Trainee: 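Take a look at this one; I'll ask things after.
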There are 2 protein chains.
Amino acid sequence: MNAKDETDQRHDVQVELIAVVTAIIDGQPVALTISRGSALPSGPFELGHRSLQAGLRNWVEQQTGHPLGYVEQLYTFADRDRMAEDHARRAISISYLGLTRDENTEYQSKRDWRSWYGYFPWEDHRTAQPPVIEQTILPRLRHWADEAGAGNREERWQRVALCFGLDGRAWNEELVLQRYELLYEAGLVPEARRNREAGRDETVPGNQMAVDHRRILATGIARLRTKIKYRPVVFEVMPPVFTLLHLQRAVEALAGRPVHKQNFRRLIEQQELVEETGKTTAETGGRPAKLFRFRPAVLVERTVAGTKLPIAKA
Amino acid sequence: MNAKDETDQRHDVQVELIAVVTAIIDGQPVALTISRGSALPSGPFELGHRSLQAGLRNWVEQQTGHPLGYVEQLYTFADRDRMAEDHARRAISISYLGLTRDENTEYQSKRDWRSWYGYFPWEDHRTAQPPVIEQTILPRLRHWADEAGAGNREERWQRVALCFGLDGRAWNEELVLQRYELLYEAGLVPEARRNREAGRDETVPGNQMAVDHRRILATGIARLRTKIKYRPVVFEVMPPVFTLLHLQRAVEALAGRPVHKQNFRRLIEQQELVEETGKTTAETGGRPAKLFRFRPAVLVERTVAGTKLPIAKA
DNA sequence: TCCTGATATGCTCAAAGTGAGTATAAACAG
DNA sequence: CTGTTTATACTCACTTTGAGCATATCAGGA
């Protein structure tokens, strides 16, 4: 067939769809995984799929048993980690960020949710700066910086300082990807040591993933931490009705840092993002909390306009 | 060959790379085009390309004769505007935003730069709100809203109001894409009327482009208008040495709105984005202006950290 | 030489936004 | 009824912004 020859001339490629699907379960930010937490769900873009997003929704819904709310494209990669370079055929991966609530308990067993912070222990600053930073990460990065030539030493350490908020700089929770890449570059994550001696004690704590999936997860987290500040996306991971503290805990879980309670409430109410349901819940321990719901009208407005949350802005 | 059968099973697709390359020429924001302004430069992703970006840089440099500075991925589309749905083969397009300065006069003739605002006359608010909005766009959008069913009328008009800053709302220069999509949906751009009667007088002024290229351009402009506020990308379109007013004019050109001079200077100097060269230029008319250059150290810092510009933040 | 016009640059100020603390209310366990 | 816990209201200092006024330094013509 002529069509096939043409195919080869045009250098066609395979397309893989890959998803970072996030929810909040028991106050923890989690991602949907497969293979016992070692990979993100992914599948090929097939002829039956009406569009890229449709393809993605298709098999994510198949896996989790309920629809994805918010879906947003993350990035398109080519030739990541190719093994055989002589292959005349190539593949690209299109990654997405999805948000959902894990309401459906029926399919619970099918789903393998894993906490973000199992993969990135250094990213959870909700209660305090994780000790692993001072105890393991910084010493090893210091070593990595020092072993560079005289010219690069300073530059390397400055990157470290920026990424981890040293020298009086503030911790910037958005730099998830930069931090992971720094650790990768320094050979401190197992993924970077495939071909080297498997010196486990020279890496840094945190579960690894297949190929570059952990990198994609980092990309998704970074995107969400940025987006949460100016678009009302938090509500995608919230149940229909919630207290303001629930909402705050969700924001904190995603941002990985604590939020000033009073200021949080001020901003939320000021912007009229939510409305009272009229009911309260006493399940929170102390004084009963008012229950709120997301203001539906905002869905139209704020999707286009902006939102604010009291998290330090980069 | 077995490989070919496998190919078909895997539903391979063609990959097209497409670029929004922007520069500032004579104070105007311009995009690189082909076919007398009717299309964005694009080309297939080929086997010889080391990576997606490499492929893009490859033929953009080939076309323009000088290297792209800043390159950033925009979005990946599939099956945009497919004509024959029965085709068993598909194509995806990966779009990029590129920034450059048009220093090289040698290849000048090869390049076809076109002003953004030729395609989007309603986006240039530097001197005043373009009259086309009041005179043509809003009346026709009003008509479009009114012809909707009772349920949708309000919703449609609210979208219009949000997009164009009506009812006391401020003009938001970032909504380039939303505005274009609104006009598209209302059938007010020629691209949307392919299959309808070619009633030219029912569209809105602004040069059209092939297939969805104008939409991609809108995406690029929107991205740049957002990015300029928190990353030092303006400098990618600036010559090595410039006055603060030059810099301001560049920001204004991209943002499509005027900037308060004194506040602009305050922010730029506060953040130490630039440093004096020690020289001045008298070419500006009045009192000679100091010449500045971008502070190289910032390249390391701010790529990771942030920047601020005195443009209303969404 | 001395205005005039033009731009550059410095400085002030009020309004709004933000970070952080204090005080009071409403439930429950014992 | 007392202590504990969480919810919610209010205050205040400080920073950031938007906007205007004032002064400096040049070119060119009266």
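The structure displayed is predicted, hence computed values, not measured ones. Just so we're on the same page: letters track the sequence lines, and every chain starts at 1. For the numbers below, each heavy atom of this structure counts, side chains included, while hydrogens, waters and symmetry mates do not.
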Trainee: Any Lys/Arg nitrogen of A/Arg257 or A/Glu123 sitting under 4.0 Å from an Asp/Glu carboxylate oxygen of the other?
Mentor: no
Trainee: Is any NZ, NE, NH1 or NH2 atom of the basic residue among A/Arg293 and A/Glu275 found under 4.0 Å from an Asp or Glu carboxylate oxygen of the other?
Mentor: yes
Trainee: Categorize A/Leu245 for me: base, sugar-phosphate, or nothing, with a 4.0 angstrom heavy-atom threshold over every strand shown.
Mentor: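 The answer is sugar-phosphate, as A/Leu245 gets under 4.0 Å only of primed atoms, P, OP1 or OP2.
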Trainee: Could you tell me whether B/Glu276 and B/Lys290 make a salt bridge, using a distance below 4.0 angstrom between a side-chain N and a carboxylate O?
Mentor: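 Salt bridge: yes.
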Trainee: Given C/dT9, is OP1 or OP2 found less than 4.0 Å from the side-chain N or O atoms of B/Lys261?
Mentor: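 No, outside the criterion.
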Trainee: Calculate the interatomic distance between B/Gln270 atom CD and D/dT15 atom C1'; express it in whole Å.
Mentor: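 My rounded result for the distance is 10 Å.
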Trainee: Toward the 5' end of DNA chain D, which comes first, A/Pro288 or A/Asn263, by nearest nucleotide?
Mentor: A/Pro288
Trainee: Whole-Å distance between D/dC21 C1' and B/His260 NE2?
Mentor: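 To the nearest whole Å, that distance equals 10 Å.
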Trainee: Please determine whether a side-chain nitrogen or oxygen atom of B/Arg265 lies at a distance below 4.0 Å from atom OP1 or OP2 of C/dT9.
Mentor: yes
Trainee: Separation of A/Ile268 atom CD1 from D/dT8 atom P, in whole Å?
Mentor: 13 Å
Trainee: Give a yes or no on whether a salt bridge exists between A/Glu252 and A/Arg126, defined as a side-chain N under 4.0 angstrom from a carboxylate O.
Mentor: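 A salt bridge is absent here (no side-chain N lies under 4.0 Å from a carboxylate O).
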Trainee: Using a strict cut-off of less than 4.0 Å between a Lys/Arg side-chain nitrogen and an Asp/Glu carboxylate oxygen, indicate whether A/Arg225 and A/Glu174 qualify as a salt bridge.
Mentor: no
Trainee: Does B/Glu72 come within less than 4.0 Å of B/Lys227, counting only side-chain N to carboxylate O?
Mentor: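 Yes.
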Trainee: In whole angstrom, what separates B/Gln262's CD from C/dG10's P?
Mentor: 11 Å
Trainee: In degrees rounded to 10°, what angle is found between the helical axes fit to the five outermost pairs at each end of the helix from C/dT1-D/dA30 to C/dG30-D/dC1?
Mentor: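 Comparing the first five pairs with the last five, the axes sit 20° apart.
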Trainee: Starting from the 5' end of DNA chain C, give me the residue, A/Arg266 or B/Thr280, whose nearest nucleotide shows up first.
Mentor: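 That would be B/Thr280.
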Trainee: Using only modelled atom types and a 3.5 angstrom limit, is any donor from either the side chain of B/Arg287 or the base of C/dA6 paired with an acceptor on the other?
Mentor: no
Trainee: Starting at atom CG of A/Leu247, determine the distance to atom P of D/dT6, rounded to an integer number of angstrom.
Mentor: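 Taking CG of A/Leu247 and P of D/dT6, I get 18 Å after rounding.
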Trainee: NE2 of B/His246 versus P of C/dA8: gap in Å, rounded?
Mentor: 8 Å
Trainee: Separation of B/Phe264 atom CZ from C/dC11 atom C1', in whole Å?
Mentor: 19 Å
Trainee: Nearest whole angstrom, please: distance from the P of C/dT7 to the NZ of B/Lys290.
Mentor: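 From B/Lys290 NZ to C/dT7 P: 19 Å.
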Trainee: Would B/Phe164 and B/Arg179 count as a side-chain contact (heavy atoms from CB on, under 4.5 Å) here? Give the steps.
Mentor: CA-CA 8 Å; B/Phe164 288 90; B/Arg179 281 186 285 268; 3.7 Å; yes
